[in-house]
Novice: 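Sharing a structure here in structure tokens format.
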Amino acid sequence: MKWLTALTMATQIASAAVGVTANAQASPALTPQQKQELSTYNFKGAETALEAQANQPTQKQGALTPIPPLKVPPITSRGSLAQPSPAGASADKGSEVPLNWKSPHAELNAAALSAADVSRQWETGVATPTPGADGRVVYIFGQGMPVMVCAPLRVCAIELQVGEHLESQPQIGDSRRWEITPVLSGSGLDETPLLIVKPIEAGLETDLIVSTDRRTYVFRLISDPTRFVSRLAFQYPGEDAQKWASFQARQDAAKHDAEAIAEQAREKDKLAGVLPMAENALDNLYFDYKLNGDAAYRPQQVFDDGQHTYLIYPDDGRFRELPTLLIQVNGKSELVNFRVDGSRYIVDRLFDKAILVVGVGKKQTRVTITRATPYSGSTGKRS
């Protein structure tokens, strides 16, 4: 067994020596003297001596053929040949990591920690989606970070607002494993920008920032093996408030224009001496008047609207002299003014009984007008 152990050890030394000789020109761990010894060492003689010792087990150790000595550097734990450093020279550490080295780390102050926590709460908060038209998953813009879930071999669409325009290329955290393609739907004022999202593998997570001419979107993208969202869209509460404000402004403008037109009409009527009709005049129209007297001066129709009394004559130019209108108040006749508008006579009050008088003396002609439902007093109010 001794000869087998010796043979194994000599073989290991010889193998190490051969490896060292092969790399002697490139290894910086060998001295010139060691290189010279390796180049002249009798490896064949050492092998012959080991075989002779193995075949002579009874020979004394002192009579055995000696093995030529070989001086080689010791093998270190790193698997390379070590060379003693010359006196006064520093040891070669190569690419070793210094013992006290630490990875770069930025210290965050209280403000930075608070900002990071606020951002984390917004990013991890639950923005509740709701179902929309045509399979849309609808988020309320600004209330948390919207999440787009997509799957490999699927295409998912992010729908922006109608008429919105992209300001620049969307920015994504992982552009190698996600594909973002902008497309347009519709035309003209109904043109809608879409972002087509496609992951190339499952188990991915990144973020996406989209800048438009109206707002900035921030999305969280997740790729799932099977689950996905086909269409993602938004509601815009701020836009709804602006729409209502714009609608109210249009209503106010229309009301103001109508009031201005009505005021102009009132001024025109005032200059012409025409009093405006009451708002509820149509509801208060009254036609039940009885006429007695000369048919030539009798009105074709008499009615009132609750404020004014109207005497309608045929438009035949029959009058060469306008009749005088007298009304009966508390048993006495009073002269009352009226206005002529074409073939209409307009009295700016109500009455229970009135008399149209034309001429004087024996040639005087009268027409009596009596209201079937009398009014009380002289105010023209119903009794």
Novice: Could you walk me through whether Thr212 and Gln161 pass side chain to side chain contact (heavy atoms under 4.5 Å, CB included), step by step?
Specialist: CA-CA 10 Å; Thr212 73; Gln161 192 178 28; over 6 Å; no
Novice: Just say parallel, tilted or perpendicular for the rings of Phe247 and Trp244, cut-offs at 30° and 60°.
Specialist: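 Phe247 and Trp244: perpendicular rings.
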Novice: Do any N or O atoms from the side chain of Glu123 and from the backbone of Gln121 form a donor-acceptor pair under 3.5 angstrom?
Specialist: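 Pair absent, no side-chain N/O of Glu123 close to backbone of Gln121.
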Novice: List the atom of His308, the atom of Ile346, and the distance in Å for their closest heavy-atom pair.
Specialist: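 For His308 versus Ile346, the nearest heavy atoms are CB-CG2, 4.5 Å.
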Novice: Are Tyr217 and Glu164 side-chain neighbours, meaning at least one heavy-atom pair lies under 4.5 Å?
Specialist: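 Touching, per the 4.5 Å side-chain cut-off.
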Novice: Which atom pair, heavy atoms only, marks the closest approach of Pro225 to Ala151?
Specialist: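 Residues Pro225 and Ala151, closest heavy atoms: O-CB, 3.9 Å.
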Novice: For residues Ile200 and Arg176, report the shortest heavy-atom separation together with the two atoms involved.
Specialist: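 Looking at all heavy atoms of both residues, the shortest contact is CD1-O, 3.9 Å.
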Novice: Going by heavy atoms in the side chains, are Asp305 and Tyr310 under 4.5 Å from each other?
Specialist: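 They are in contact (side-chain heavy atoms under 4.5 Å apart), so the answer is yes.
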Novice: Does Leu204 belong to the same Ile/Leu/Val/Met/Phe/Trp/Tyr cluster as Phe228, with side-chain heavy atoms less than 4.5 Å apart forming each link?
Specialist: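 In one cluster: no.
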Novice: For the atom pair CZ (Arg344) and CG (Leu311), what is the distance rounded to the nearest 0.5 Å?
Specialist: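 Those atoms lie 11.5 Å apart.
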Novice: Pairing donors with acceptors under 3.5 angstrom, does anything connect the side chains of Gln328 and Ser333?
Specialist: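 On atom types as modelled, these side chains qualify, holding a pair under 3.5 Å.
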Novice: More than 12 heavy atoms of other residues, nucleotides or ligands under 6.0 Å from CG of Leu113: yes or no?
Specialist: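 Result for CG/Leu113: enclosed.
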Novice: Mind listing the closest non-hydrogen atom pair of Cys150 and Val155 along with its distance?
Specialist: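 Of all heavy-atom pairs spanning Cys150 and Val155, the closest is SG-C, 4.3 Å.
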Novice: Do Asp224 and Thr226 make a side-chain contact, defined as non-hydrogen atoms from C-beta onward lying under 4.5 Å apart?
Specialist: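 Yes, at least one pair of side-chain atoms sits under 4.5 Å.
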Novice: Atom CG of Leu221 and atom CG of Asp207: how far apart are they, to the nearest 0.5 Å?
Specialist: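 It is 7.5 Å, given to the nearest 0.5 Å.
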Novice: Angle class for the Tyr286/Tyr289 ring planes (parallel below 30°, perpendicular above 60°, tilted otherwise)?
Specialist: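 Perpendicular, since the angle between the ring planes exceeds 60°.
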Novice: Would you check if the side chain of Tyr297 reaches a backbone N or O of Val357 as a donor-acceptor pair within less than 3.5 Å?
Specialist: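 Here the side-chain-to-backbone pair does not exist.
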Novice: Tell me whether Ile180 shares a hydrophobic cluster with Leu160, the cluster being built from Ile, Leu, Val, Met, Phe, Trp, Tyr side chains joined at under 4.5 Å.
Specialist: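 Yes.
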Novice: State whether the number of non-hydrogen atoms from other residues, nucleotides or ligands found under 6.0 Å of Asp288 atom CG is greater than 12.
Specialist: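 It does: Asp288 CG has more than 12 such atoms within range.
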Novice: Please tell me if the side chains of Arg339 and Asp348 come closer than 4.5 Å, counting only heavy atoms from C-beta onward.
Specialist: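 Yes, at least one pair of side-chain atoms sits under 4.5 Å.
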Novice: Mind checking the CG-OG spacing from Asn109 to Ser114? Nearest 0.5 Å is all I need.
Specialist: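 So the gap between those two atoms works out to 10.0 Å.
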Novice: Show your working on side chain to side chain contact (heavy atoms under 4.5 Å, CB included) between Ile158 and Leu208 and close with a plain yes or no.
Specialist: CA-CA 11 Å; Ile158 297 176; Leu208 173 68; 4.2 Å; yes
Novice: If hydrophobic clusters are built by linking Ile, Leu, Val, Met, Phe, Trp and Tyr wherever their side-chain heavy atoms come under 4.5 Å apart, do Leu166 and Leu184 end up in the same one?
Specialist: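 No, it is not one cluster - the side chains of Leu166 and Leu184 are not joined through contacts under 4.5 Å.
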Novice: Report yes if the side chains of Tyr345 and Leu356 come closer than 4.5 Å at any heavy-atom pair, otherwise no.
Specialist: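 A side-chain contact under 4.5 Å is absent here.
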Novice: Would you say Ile327 and Arg349 make side-chain contact, with heavy atoms under 4.5 Å?
Specialist: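 Ile327 reaches Arg349 side chain to side chain.
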Novice: Please report, to 0.1 Å, the donor-acceptor pairs under 3.5 Å made by any side chain of residues 136-144, with sequence neighbours excluded.
Specialist:
residue	atom	partner	partner atom	Å
Arg136	NE	Glu159	OE1	3.0
Arg136	NE	Glu159	OE2	3.3
Arg136	NH1	Ala133	O	2.9
Arg136	NH2	Glu159	OE1	3.3
Arg136	NH2	Glu159	OE2	3.3
Tyr139	OH	Val147	O	3.3

Novice: Can a donor-acceptor pair be found, under 3.5 Å and without considering hydrogens, that links the side chain of Thr192 to the backbone of Asp190?
Specialist: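 Checking the backbone N and O of Asp190 against the side chain of Thr192, a donor-acceptor pair under 3.5 Å is found.
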Novice: Are any side-chain N or O atoms of Arg298 and backbone N or O atoms of Gly293, one a donor and one an acceptor, separated by less than 3.5 Å?
Specialist: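 Checked: pair present.
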Novice: Roughly how far apart are Leu326 CG and Lys353 NZ, rounded to 0.5 Å?
Specialist: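 Reported to 0.5 Å precision, the distance equals 12.0 Å.
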Novice: Check whether any side-chain heavy atom of Ser211 lies under 4.5 Å from a side-chain heavy atom of Thr216, and answer yes or no.
Specialist: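 Ser211 reaches Thr216 side chain to side chain.
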Novice: Are Leu195 and Val149 connected in the hydrophobic side-chain network, where two residues link if heavy atoms are under 4.5 Å apart?
Specialist: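 Yes, Leu195 connects to Val149 through the hydrophobic network.
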Novice: Can you confirm whether more than 12 heavy atoms, excluding those of Gln169, are under 6.0 Å from its CD atom?
Specialist: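 Open: at most 12 neighbouring heavy atoms sit under 6.0 Å from CD of Gln169.
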Novice: Find the distance between CZ (Arg154) and CZ (Arg227) and round it off to the nearest 0.5 Å.
Specialist: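 Spacing of CZ (Arg154) from CZ (Arg227) equals 14.0 Å.
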Novice: Mind listing the closest non-hydrogen atom pair of Met145 and Ala127 along with its distance?
Specialist: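 In this case the closest contact between Met145 and Ala127 is O-CB, 4.1 Å.
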Novice: Are Ser223 and Trp178 close enough that some pair of their side-chain heavy atoms sits under 4.5 Å apart?
Specialist: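 The answer is yes, as the side chains (C-beta and beyond) meet within the 4.5 Å cut-off.
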Novice: Can we say Lys255 and Asp252 salt-bridge, meaning some charged N sits less than 4.0 Å from an Asp/Glu carboxylate O?
Specialist: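 The answer is no: the pair does not qualify as a salt bridge.
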Novice: Which heavy atom of Ile196 sits nearest a heavy atom of Ala157, and at what distance?
Specialist: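 Here Ile196 and Ala157 meet closest at CD1-CB, 4.0 Å.
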Novice: Starting at OH of Tyr236, measure out to CZ of Arg214 and round the result to the nearest 0.5 Å.
Specialist: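 Tyr236 OH to Arg214 CZ: 8.5 Å, rounded to 0.5 Å.
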Novice: Apply the test side chain to side chain contact (heavy atoms under 4.5 Å, CB included) to residues Arg371 and Phe351: give CA-CA distance (whole Å), side-chain angles for both, the deciding distance (0.1 Å), then the verdict.
Specialist: CA-CA 7 Å; Arg371 197 175 193 279; Phe351 53 80; 5.8 Å; no
Novice: So if you build clusters from Ile, Leu, Val, Met, Phe, Trp, Tyr with side-chain heavy-atom gaps below 4.5 Å, do Ile222 and Val229 land together?
Specialist: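 Both belong to a single hydrophobic cluster.
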